[in-house]
Asks: 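Once you've had a glance at the structure underneath, I'll fire off some questions.
From a predicted model like this one, the values you see are computed outputs, not experimental measurements.
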Amino acid sequence: MGKFIYNSSAREIDIDDRTLAHLRVAILNKLRRSESFSMTWEHGVENGSGRTTIWLHESIPLQFVFSGNRTPKLNKLWIEQLLLSANSTSGLQFVPEPAEDEPIDAD
C-alpha cells in the first residue's frame, strides 16, 4: 500500500501500489504540460464515507511513496482513461483498471 502526499500536509492517502503507479503517470503527464486539474476520491465506509477534492498544480509539492520496490507493468488503456477523467469537468477520478483490450469510453 503506497501513499499519495499532497502539499507537505499531514494527510496521506493510502492507495495500492499498482493504482498509485498509474495515477503517478497520469498526474505527472498533466503537470509537466502545466495543466492544473482537480482530483476527487471517495473515503470509503471504513473511513467514515464522504469524499475529498484537491486542486493539483505544478507549484504545489506532491509525493508518491510506494511500499514495494518493483514497478508494475503499466496498462496504457488505464492511463488513457485516467487522463480522460482528468480532462473532464469532474476532474481526475479513480476508475477501475480495464482489460488491455477494452474499448475507451470517452463520455
Side-chain angles (χ1 to χ4, degrees):
M1 184 68 64
K3 296 189 182 303
F4 176 79
I5 305 168
Y6 182 71
N7 196 23
S8 303
S9 101
R11 184 174 196 157
E12 299 176 350
I13 306 152
D14 290 327
I15 304 171
D16 73 86
D17 277 0
R18 180 160 181 78
T19 303
L20 188 60
H22 286 78
L23 285 170
R24 178 183 165 275
V25 171
I27 290 169
L28 294 181
N29 268 301
K30 295 281 291 173
L31 294 179
R32 73 180 171 84
R33 294 187 299 241
S34 298
E35 297 176 5
S36 301
F37 59 100
S38 66
M39 180 171 87
T40 300
W41 65 92
E42 295 184 10
H43 300 169
V45 176
E46 65 280 359
N47 293 316
S49 297
R51 66 183 177 278
T52 297
T53 299
I54 59 173
W55 184 253
L56 291 160
H57 184 273
E58 63 186 278
S59 68
I60 301 170
L62 59 101
Q63 298 175 51
F64 301 90
V65 181
F66 296 89
S67 60
N69 61 355
R70 292 195 177 138
T71 304
K73 181 180 180 222
L74 296 176
N75 180 335
K76 289 182 182 180
L77 182 57
W78 196 8
I79 294 168
E80 289 174 19
Q81 288 184 346
L82 290 167
L83 286 168
L84 281 172
S85 156
N87 290 333
S88 73
T89 55
S90 301
L92 179 60
Q93 309 267 330
F94 293 16
V95 295
E97 181 174 7
E100 291 273 354
D101 57 353
E102 194 172 311
I104 295 177
D105 181 12
D107 290 338

Asks: Specify the closest pair of heavy atoms between Ser36 and Trp55, including all atoms of both residues, with the distance to one decimal.
Replies: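 Distance-wise, the nearest heavy atoms are CB-CZ2, 3.3 Å.
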
Asks: Please find the pair of heavy atoms, one from Asn29 and one from Arg32, that lie closest to each other, and give the distance.
Replies: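 Closest heavy-atom pair between Asn29 and Arg32: OD1-NH2, 2.8 Å.
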
Asks: Does one hydrophobic cluster hold both Leu83 and Leu23, with members joined at side-chain heavy-atom distances below 4.5 Å?
Replies: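 In one cluster: no.
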
Asks: Please examine the side chains of Ile15 and Trp41, heavy atoms only from C-beta on, and report whether any two atoms are closer than 4.5 Å.
Replies: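 Trp41 vs Ile15: side chains apart.
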
Asks: Side-chain heavy atoms nearer than 4.5 Å, only ILVMFWY residues, links allowed to pass through others: does that put Phe94 and Phe37 together?
Replies: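 In one cluster with Phe94: Phe37, yes.
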
Asks: Specify the closest pair of heavy atoms between Ala21 and Pro72, including all atoms of both residues, with the distance to one decimal.
Replies: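 So the minimum-distance heavy-atom pair works out to CB-CG, 3.7 Å.
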
Asks: Do side-chain atoms of Thr40 reach the backbone of Leu92 as a donor and acceptor pair under 3.5 angstrom?
Replies: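 Such a contact is absent between Thr40 side chain and Leu92 backbone.
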
Asks: Does atom CD of Glu58 have more than 12 heavy-atom neighbours from other groups under 6.0 Å away?
Replies: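 Enclosed.
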
Asks: Minimum heavy-atom separation for His22 to Lys73, with atom names?
Replies: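 Where His22 meets Lys73 most closely, the heavy atoms are CE1-O, 4.1 Å.
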
Asks: Would you please test Thr52 and Ile13 for side-chain contact (heavy atoms from CB on, under 4.5 Å) and show each step?
Replies: CA-CA 10 Å; Thr52 297; Ile13 306 152; over 6 Å; no

Asks: Would you say that Ile27 contacts Met39 through its side chain, given a criterion of any heavy-atom pair below 4.5 Å between the two side chains?
Replies: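 Sidechains of Met39 and Ile27: in contact.
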
Asks: Could you check whether any side-chain heavy atom of Glu97 comes within less than 4.5 Å of a side-chain heavy atom of Thr19, counting everything from C-beta outward?
Replies: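 In short, these two side chains do not touch, never coming nearer than 4.5 Å.
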
Asks: Using every non-hydrogen atom in the two residues, find where Ala99 and Leu77 come nearest and quote the distance to one decimal.
Replies: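 Taking Ala99 first and Leu77 second, the nearest heavy atoms are O-CD2, 3.2 Å.
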
Asks: Crowded around Arg70 CZ? As in, over 12 foreign heavy atoms under 6.0 Å?
Replies: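 Not more than 12 within 6.0 Å, no.
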
Asks: Quick one: pull up CZ in Arg18 and OG1 in Thr71 and give me the separation to the nearest 0.5 Å.
Replies: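 One gets 11.5 Å once the value is rounded to the nearest 0.5 Å.
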
Asks: Of all heavy-atom pairs between Asn75 and Pro98, which one has the smallest distance, and what is that distance?
Replies: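 Nearest pair, atom of Asn75 first, then Pro98: ND2-O, 2.8 Å.
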
Asks: Examine distances only and state if a side-chain atom of Arg24 and a backbone atom of Gln63 form a donor-acceptor pair shorter than 3.5 Å.
Replies: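 Answer holds: no.
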
Asks: Using the rule that two of Ile, Leu, Val, Met, Phe, Trp, Tyr join whenever any of their side-chain heavy atoms come within less than 4.5 Å, decide whether Leu56 and Ile79 are in one cluster.
Replies: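 No, no single cluster joins them.
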
Asks: Assigning hydrophobic clusters by single linkage (Ile, Leu, Val, Met, Phe, Trp, Tyr; side-chain heavy-atom cutoff under 4.5 Å), is Leu20 placed with Leu74?
Replies: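 Per the 4.5 Å side-chain linkage, Leu20 and Leu74 are not co-clustered.
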
Asks: Tell me whether Leu28 is reachable from Ile60 by hopping between hydrophobic residues (I, L, V, M, F, W, Y) whose side-chain heavy atoms are closer than 4.5 Å.
Replies: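 Ile60 and Leu28: one cluster.
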
Asks: A side-chain contact here means heavy atoms from C-beta on lying under 4.5 Å apart; do Val95 and Leu84 qualify?
Replies: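 Answer no - side chains too far apart.
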
